[in-house]
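A quick write-up on the structure given underneath.
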Amino acid sequence: PVWTRIFNFVADHAEGSYIYTDDGRKLLDFTCGIGVTNTGHCHPKVVEAIREQAGNFLHAQANIIIHKPMLQLIEELRTIVPPSIDSFYFANSGAEALENAIKIARVATGRQNVIVFGGSFHGRTAGTMVLTTSKTVYRSGFGPLPSGVFVSPYPYAFRLKMSEAEASEYALEQLEHLLASQTAPKETAAILIEPVLGEGGYVVPPKAFMKGLREICDKHGILLIFDEVQSGFGRTGKWFALEHFHVVPDIITAAKGIASGMPLSGVFTSTDLMLKLDVGSIGGTYGGNVMACAAGVATIRAMRDENMLQNATDMGIQLMTGLRKYQEEYPQIGDVRGLGLMIGTEFVEGGSQVKAKPLVKSIIRSAEEKGMLLLSCGTYDNTLRWIPPLNVTSDQINTGLNIFGEALKEVIG
Ligand code: PLP
């Protein structure tokens, strides 16, 4: 009963951009299992890699032996991360990656505190719930929360009712204020940010803000952590969203799209930082599981061989253009924003985000009845998130846009 469930059908199987239900329905899946199946459901090359690996080794425990898929995955990862990132630690879930990133930052700097941004989602484990401020439900009743975490505003221009430049300036000012009033730089280990806000509403920060963050970190010896769990692995049309901002963080956390659905996550950083940790101080039984690593290798190769990043960029433009046309027709669509195939349409009703929540819920329901799955996000669940697979076709984008149009007509008129 504690598990949120958005749809009630029983799924039978999935392929590419579609999920097939056990009662014979075919649904266009623009949720990708919350941004995980970036190569489409059951990509044949990923499935083949998993099948082959299953007959070879199911569990090759990383403390005990070195396994080939992990070495291959590291080799592939080195080609898609900035050159300064040359050390790779693997875990199972996004939250676990975040917990380890914080531990690494604290030991490497000898400082305790961490700054996060309002609306962020970094997990809901006992350690990460304090980093997550997208909704109270993730922390309510679970306190006391771990200490040492401070929250600064995200440059969310639309909600702040500011231009991008004003939002950037405001958010940087507030961050400087936090460092002057609550957590001294000498006590601040890391600044942690999603380079595109995910669960908090699919918000793209201004470039100037991201550059400003790097400058503040450099000035004070604070580590910059990019949580690319949702924005990574081609989602924004680049391997990692950081490429849009030309800013290199000290630590990257990744999960979701890394292995097309197998449970795998990672903390990517520099050997210099990693060497500051005691051997054995982080780790886990299943971290870097051999099957998951094999799926990760096949995922990166499939994305590269099939030009999925370029497709994500092209299809993102097509989707965004179609959504903007609906925005002209419906004043309830307050904002359309995103990068690549990480797109949000924020709904407002009478200028209120709270009131728009039922509207978004009805649109999701109506779209499902018409054959497309969508998810919401944002503190008030008033933003629809569009997360098609990176190999989605132009026809499928058009089908999705048409279903959205019919749903808008049915729900709004
Ligand atoms: N970080 C971000 C940006 C996420 O979007 C998520 C999950 O949605 C997490 C961390 C947590 O990942 P997981 O659910 O695998 O623990």
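Treat the numbers as computed from the prediction; the structure is a model and nothing was measured. Ligands are counted one by one from 1 in listed order, and the atoms in each one are counted from 1 as well.
With respect to Q230, the side chain to side chain donor-acceptor pair (under 3.5 Å) criterion is satisfied by exactly one of E194, R385, E199: R385.
Listed by chain and residue number, F121 satisfy the ring-ring contact (aromatic ring centres under 6.0 Å, His included) test with Y138 (two or more places apart in sequence, or in another chain). H13 meets the ring-ring contact (aromatic ring centres under 6.0 Å, His included) test with Y20; sequence neighbours excluded.
Between Y330 and Y326, the ring-plane angle classifies as tilted under the 30° and 60° cut-offs.
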Could you list each N/O atom of ligand 1 together with any protein N/O atom closer than 3.5 Å, one pair per line with the distance?
unit_1	atom_1	unit_2	atom_2	d
ligand 1	1 (N)	F121	O	3.3
ligand 1	1 (N)	D227	OD1	3.4
ligand 1	1 (N)	D227	OD2	2.7
ligand 1	5 (O)	Q230	NE2	2.8
ligand 1	8 (O)	K256	NZ	3.1
ligand 1	15 (O)	G94	N	2.8
ligand 1	16 (O)	G94	N	3.4
ligand 1	16 (O)	A95	N	2.8

For residues 63-73, run the donor-acceptor check on the side chains, cut-off 3.5 Å, and write out each pair with its distance to 0.1 Å, sequence neighbours left out.
unit_1	atom_1	unit_2	atom_2	d
N63	OD1	Q61	NE2	3.0
H67	ND1	M70	N	3.2
H67	NE2	G288	O	2.8

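At least one side-chain heavy atom of Y286 sits less than 4.5 Å from a side-chain heavy atom of H59.
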